2 protein chains.
Amino acid sequence: MDTPKAKRVTIADVSEASGMSKAAVSLILNNKPGTRLSVEATERVRAAAKELGYRPNVAAQSLRSGKTRTLGLISDQVTVTRFASEMITGILSAAEKRDHTVLIAETFGKPDQLVEAIEQMAHRDVDGLILGFMDSRRRDLKLPQTGLPTVLVNGLDESPSVAVLPNEAMSGAQAVQRVLESGARSVALIGALEGAEKDPETYPSISRRFASLRGALAESSLEVLGNWVLEDWNPTDGYAATTQMLAEGFRPDAIICANDRVAMGVFQALAEKGLVPGEDLSVLSFDDEIIASYLRPRLTSIRLPYEKMGALAVDLLLDRKLEPGEHQIDMPLIERDSMKGE
Amino acid sequence: MDTPKAKRVTIADVSEASGMSKAAVSLILNNKPGTRLSVEATERVRAAAKELGYRPNVAAQSLRSGKTRTLGLISDQVTVTRFASEMITGILSAAEKRDHTVLIAETFGKPDQLVEAIEQMAHRDVDGLILGFMDSRRRDLKLPQTGLPTVLVNGLDESPSVAVLPNEAMSGAQAVQRVLESGARSVALIGALEGAEKDPETYPSISRRFASLRGALAESSLEVLGNWVLEDWNPTDGYAATTQMLAEGFRPDAIICANDRVAMGVFQALAEKGLVPGEDLSVLSFDDEIIASYLRPRLTSIRLPYEKMGALAVDLLLDRKLEPGEHQIDMPLIERDSMKGE
DNA sequence: GTCATGTGCTAAATGCATTTAGCGGATTCT
DNA sequence: AGAATCCGCTAAATGCATTTAGCACATGAC
């Protein structure tokens, strides 16, 4: 029908072409140490392999070795926010560097889909599993016992596990530092989430972010204006809090926002009063979502380093660094136009 | 070291446990038609397989059949915008429905990386290839001859190929229809891209979007105000055009924006003049990126249906519908708060 | 009773790469 | 010279599922 039977080149073909046995070919092409094959033989084989365009059959290799050179990524959400995509990018490039490929599945946050996906992956004999989460809660994952080496990215399990998290313990201090450099004397903190902040076991990232923030604030000379607790971290929430704050007569030199979506609402409220971030006051935020660069002026934000987190997960898996515990990645401050000073 | 040798359950184990041959087990478990095995035998085998938790070894199956039940997705960008993620979601669920898994690679738009990725995928014996693009230009892809069935999503090749595109030929008419329903008499079209609009061969989506828009506008009773050509489709461009438009005294009943990023800039310019979309005038946009729902008021937008496009690509591949040509997916209008009427 | 069919099932080949045990010849040691 | 060692290389086993050819027995036709 199609091409006249584009037969696959196998090791047998290379063996025949080079006049050596299949065993010799395999030994040579895999650079096995301790073998005693002659230089000419080695060269003949390599030449023949190249000539024929030989590529070992991955299925056959897997069948023999039990290894697939494939990693599984199971994410709760691929679709929303820049995070999942960036994590995927990090994982993809790290895996490619080490000659592995990546199988992807998505659970939409449903526990049974997670189990299903894990079993799928186990069935496909992946060499390791990465579980990615879009919000870093601690969950009771109830992972099926597959024996697969597993790393969680941006999440924790009730059971001990290997986890990669953003270094939120430093993030707040960094923010306060930058606010001080802006020359501010007073600051408003918009976006505490009451439940989350007081439950560090369940919400490691949020609680650490705020603990770090409040600790640094307390040690600083900054005057903290009001206490702006939100229901949620959406633009509407930031907008409402800021409108209220301005109506109550507060006029901070700087605003620290819980995240970029909150900051977006803050920007809108400020714009309505003719206040321009970066000129009339400073605004600093967390996460560095895509909207941070869309906003006018562009938003300075402390970035969630998903790409590096994904890459580290791959390395941990492939280097067999699998003692349960947390690995943390620093969060860089992405300087744009919403902060005064510097 | 680990578990005491968690040996894999093979077909031989099932064979032994059920007292039937391996051949019989394979025949039964695969529901081969035309076989004449007794009902009791069939049941014994199924019971044994279930009991032991037998799962066929994928590598062995692939080795035998030459099929891997794996699809390759190569995307130029996973990281930016919601599109790639959504395409991945569509592909993932469609593939899962048909019991296939998906291998993913990213090229960052670099042609040599594309070739590299395709060869990787071919080497891994994927059953089909999906090439995803974030902006739908026609490109000279120079695909290596792998013989792999291939579908392009949101892109075209110079050579004939199977492609899935959004149905932009309808999108403009739909937009104009909605603007008429809003009760508008006049409209401004913000965001023509001169080069792209006049080069339908290279920019099928943009040119069709605008051709459709202009055609429908000409047939309608609407007065079209000004001609707002942009350099690029970023918030800044939309902001600048709108500011200028308002300064020149234009005051359209409705604004149609080239895409959501442009609309974001339009919103900012309107806000500065105290104009509220959905109340003082209507704003309609294209793409339905995440920011569309972040904006205040939330932006009504005609959606790029990436998820369905991805899913269709999978079906085309698995159904072997591979005659070169275009498949189009309708673009739904996502109603939110920025349009009057209805 | 004999030949032809039908029935239920299995042995063995196959796909491909990897790895171990070991063969035959050359060299070195005693 | 005979034994021990080394060298360069290969035959064959292995991993697992699928599929084809065909075996042994039962049933039916004449």
Side-chain angles (χ1 to χ4, degrees), chain A residues 5-46 48-49 52-70 99 122-127, chain B residues 5-46 48-49 52-70 99 122-127:
Chain A
K5 213 53 171 293
K7 279 280 288 177
R8 171 177 263 291
V9 178
T10 76
I11 202 170
D13 300 321
V14 179
S15 157
E16 197 173 347
S18 64
M20 297 290 288
S21 69
K22 294 192 296 170
V25 174
S26 174
L27 260 14
I28 288 167
L29 261 21
N30 289 301
N31 286 313
K32 283 284 162 190
T35 181
R36 298 167 303 201
L37 295 152
S38 67
V39 181
E40 314 106 87
T42 304
E43 277 170 4
R44 255 201 343 272
V45 166
R46 279 201 220 288
L52 298 174
Y54 169 70
R55 296 280 220 150
N57 179 320
V58 176
Q61 286 180 315
S62 300
L63 180 57
R64 265 251 78 197
S65 65
K67 299 267 162 248
T68 53
R69 303 195 79 74
T70 300
D99 194 29
H123 179 204
R124 295 250 170 186
D125 285 314
V126 297
D127 297 338
Chain B
K5 211 55 171 293
K7 279 281 288 175
R8 173 178 261 291
V9 179
T10 75
I11 203 169
D13 301 320
V14 179
S15 157
E16 196 173 349
S18 64
M20 300 289 288
S21 69
K22 295 192 295 168
V25 174
S26 173
L27 260 14
I28 288 168
L29 261 22
N30 289 302
N31 286 314
K32 283 284 160 189
T35 180
R36 298 168 303 202
L37 295 154
S38 68
V39 181
E40 314 106 84
T42 304
E43 277 170 5
R44 261 206 333 278
V45 167
R46 279 201 220 289
L52 297 173
Y54 169 70
R55 297 280 219 149
N57 179 319
V58 176
Q61 285 181 315
S62 301
L63 180 57
R64 217 33 290 259
S65 65
K67 299 267 162 248
T68 52
R69 304 196 78 74
T70 300
D99 193 29
H123 179 205
R124 294 251 170 186
D125 285 315
V126 298
D127 297 338

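We name chains A, B, ... by the order of the sequence lines, and we start the count at 1 in each one. Treat the numbers as computed from the prediction; the structure is a model and nothing was measured.
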Just to be sure I understand the geometry, which residues of residues 30-38 of chain A put a non-hydrogen atom under 4.0 Å away from DNA chain C? A:Asn30, A:Lys32
Heavy-atom closest contact (B:Arg55 atom, B:Arg8 atom, distance): O-NH1, 3.4 Å
May I ask you to list the residues of residues 13-20 of chain B, by number, that have any heavy atom positioned under 4.0 Å from an atom of DNA chain C? B:Gly19, B:Met20
With a 4.5 Å heavy-atom cut-off, do B:Arg124 and B:Thr68 have their side chains touching? no
Whole-Å distance, A:Arg8 CZ to C:dA17 C1', equals 11 Å
Which one, C:dC16, D:dT18, D:dA12, comes nearest to the side chain of A:Ala23? D:dA12
Side chains of A:Thr10 and A:Asn57 in contact at under 4.5 Å (non-hydrogen atoms): no
Would you name the heavy atoms of A:Val45 and A:Met20 that are closest together and state the gap between them? CG2-CG, 3.8 Å
Interface with DNA chain C, restricted to residues 54-68 of chain B and to heavy atoms under 4.0 Å: B:Ala60, B:Leu63, B:Arg64
Could you pull out the closest heavy-atom pair between B:Ala59 and A:Leu63, with the gap in Å? CB-N, 3.7 Å
Using atom CG of A:Asp125 as one end and atom P of D:dG15 as the other, report the distance to the nearest whole Å. 15 Å
Measure CG/B:Leu27 against C1'/D:dT18 and give the value in whole Å, please. 9 Å
Using whole Å, report how far NZ of B:Lys22 lies from C1' of D:dG15. 10 Å
Whole-Å distance separating the CD1 atom of B:Ile28 from the C1' atom of D:dA17: 15 Å
Within the structure shown, what part of the strands sits under 4.0 Å from B:Ser26 by heavy-atom distance: base, sugar-phosphate, or nothing? base
Any idea which heavy atoms bring A:Val9 and A:Leu52 closest together, and the distance? CG2-O, 3.4 Å
Validation row: A:Ser62, A:Asp125 side chains within 4.5 angstrom (heavy atoms): no
Toward the 5' end of DNA chain C, by each residue's nearest nucleotide, A:Ala24 or B:Arg44: B:Arg44
Shortest non-hydrogen contact from B:Leu37 to B:Ala24? CD1-O, 4.2 Å
